[in-house]
Chemist: 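Would you mind keeping the following structure in view while I ask a few things?
Remember, it's a predicted structure, so these values are computed and weren't measured experimentally. Just so it is clear: chains get the letters A, B, ... in the order the sequence lines come, proteins before strands, and each one is counted from 1.
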Protein chains: 2
Amino acid sequence: MPVETKPEATARTSPPLTERQEARRRRILHASAQLASRGGFDAVQMREVAESSQVALGTLYRYFPSKVHLLVATMQDQLEHMHGTLRKKPPGGETAAERVAETLMRAFRALQREPHLADAMVRALTFADRSVSPEVDQVSRQTTVIILDAMGLEHPTPEQLSAVRVIEHTWHSALITWLSGRASIAQVKIDIETVCRLIDLTEPGADR
Amino acid sequence: MPVETKPEATARTSPPLTERQEARRRRILHASAQLASRGGFDAVQMREVAESSQVALGTLYRYFPSKVHLLVATMQDQLEHMHGTLRKKPPGGETAAERVAETLMRAFRALQREPHLADAMVRALTFADRSVSPEVDQVSRQTTVIILDAMGLEHPTPEQLSAVRVIEHTWHSALITWLSGRASIAQVKIDIETVCRLIDLTEPGADR
DNA sequence: ATCAAGTCTGAAACTTGTTCTAGATTAGCG
DNA sequence: CGCTAATCTAGAACAAGTTTCAGACTTGAT
């Protein structure tokens, strides 16, 4: 009888991991984040991750079927952490647009503290192919939740969801341009503020 | 004396290429696009590109210092072509927002005809690190020109340029979600139309 | 026509992600 | 406790991007 199967996929849901497996998974994610913090995407080398986390290479691949999977999982991990942090101090802006912009800028400042880590995670996210779609989607949903939280919405309209999607697009792409040195921090700020104005357009009572 | 140097960087500008070099460069780009059309990013294998274009591997790397450089150059090439095509039939919408959305959707339909090629180019673009920044920037500028063309603007305001930047962000990111199967064609259309509304906000006479 | 400098070629080597294998270890079950 | 299926480990092997090198070829200048 199967004792345990497929630890990688959506660890939280399907097969309950044993104590030691959970610990392994943590060690791996920790090593991944650590190496990423040093030198970004390229510095996360599978052999090194395996060694750092005291796990055989084959085992690493059993938990995370590719480098991109690993980094996306690392991002999920970090995102959760970030969501918790953001929740504690809700943004103080007057309008929904202001609050969202403030929240994103706060997240952006957090990323600036670990630019290499940000690089590794974002590059993995955009480089991911179809085989990673479920995990990437999870990240996207988590981001959506964070934004809706900032807007203070319970039941967003389809229009508002569209706006949120566009904000996420802008957020990701702006991050990339910043990480690759093609846009300044100030530029990213402007882009975020610009796109957040879209929210006003979808506010009840906005003409169009 | 140097007969020819660094053919790769911004071939159009710095060192004039000889006839044969220009021909080599064309052959390489052609092979790249061909292979990409077949199987996307992964199918563009440097050894195969070299063989298809009748050039030694070392030479390929002299012209394009990495696979990403090659694919970004391929994208520049395709973009130029696309700009030419789009120019011929200007969009017919009433408002700037409509015209931009129409133009982007037209480009999107073109990409749909060669989804693998689109995959290769877009993945390369977003995966590019700092060493490719100049080339990626060039692509970005070209895209900006196409959008401004569609808007029919001669002298955009800084606000309008911001809107254009956000539109580009959305365009890239929406393409990625489509290519990785996380968004439908219809979804991309909605996102484009949504972000294009930003243009209205920056129209002279828009309150804010 | 000849020469020097630079380019192109072909092939091997190196790097890092990924796969595979044989044997040791672990977990749940009777 | 002992069995059995599954997991974990160590290490080799493979794949594709990238680098390197010696020698053949081009080019522009003398």
Chemist: Using a cut-off of less than 4.0 Å, is there contact between a side-chain N or O of A:Arg47 and OP1 or OP2 of C:dG17?
Modeler: no
Chemist: In terms of the nearest nucleotide of DNA chain C, which residue is placed more toward the 5' end: A:Val44 or A:Gly58?
Modeler: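 Nearer the 5' end of the strand: A:Val44.
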Chemist: In whole Å, what is the span from the CD atom of B:Gln45 to the P atom of C:dG17?
Modeler: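 Between P of C:dG17 and CD of B:Gln45: 17 Å.
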Chemist: Do you know which of A:Ile192, A:Leu198, A:Ile147 makes side-chain contact (heavy atoms from CB on, under 4.5 Å) with A:Ile167?
Modeler: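 Exactly one option meets the side-chain contact (heavy atoms from CB on, under 4.5 Å) with A:Ile167, and it is A:Ile147.
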Chemist: Measuring from the side chain of A:Val55 (C-beta onward, heavy atoms only), which nucleotide among C:dT18, D:dG17, D:dT9 has the closest atom?
Modeler: D:dT9
Chemist: So, the side chain of B:Asp119 versus the backbone of B:Leu179: is there a donor-acceptor pair under 3.5 Å, distance only?
Modeler: no
Chemist: Indicate whether OP1 or OP2 belonging to C:dC8 is found under 4.0 Å from a side-chain N or O atom of B:Tyr63.
Modeler: yes
Chemist: Which nucleotide wins on minimum distance to the side chain of B:Ser66, given the candidates D:dT18, C:dG28, D:dA12?
Modeler: D:dT18
Chemist: How do B:Phe41 and B:Arg20 order along DNA chain D: which one's closest nucleotide is nearer the 5' end?
Modeler: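 Mapping each residue to its closest nucleotide by heavy atoms, the 5'-most match is B:Phe41.
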Chemist: Using the ring of A:Phe127 (Phe, Tyr or Trp, six-membered ring only), decide whether A:Lys67 places NZ or CZ under 6.0 Å from its centre and within 45 degrees of its axis.
Modeler: no
Chemist: Measuring from the side chain of A:Thr59 (C-beta onward, heavy atoms only), which nucleotide among D:dC8, C:dC8, D:dG17 has the closest atom?
Modeler: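 Between D:dC8, C:dC8, D:dG17, the one nearest the side chain of A:Thr59 would be D:dC8.
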Chemist: Can you tell me which nucleotide in C:dC8, C:dG17, D:dA10 comes closest to the side chain of A:Ala56?
Modeler: D:dA10
Chemist: Check whether any side-chain heavy atom of A:Gln160 sits under 4.5 Å from a side-chain heavy atom of A:Leu148, and report yes or no.
Modeler: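 Not touching, per the 4.5 Å side-chain cut-off.
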Chemist: What's the closest nucleotide to the side chain of B:Met46 if the choices are D:dG17, D:dG28, C:dG17?
Modeler: D:dG17
Chemist: Nearest of D:dG17, D:dC8, C:dT18 to any side-chain atom of B:Tyr61?
Modeler: D:dG17
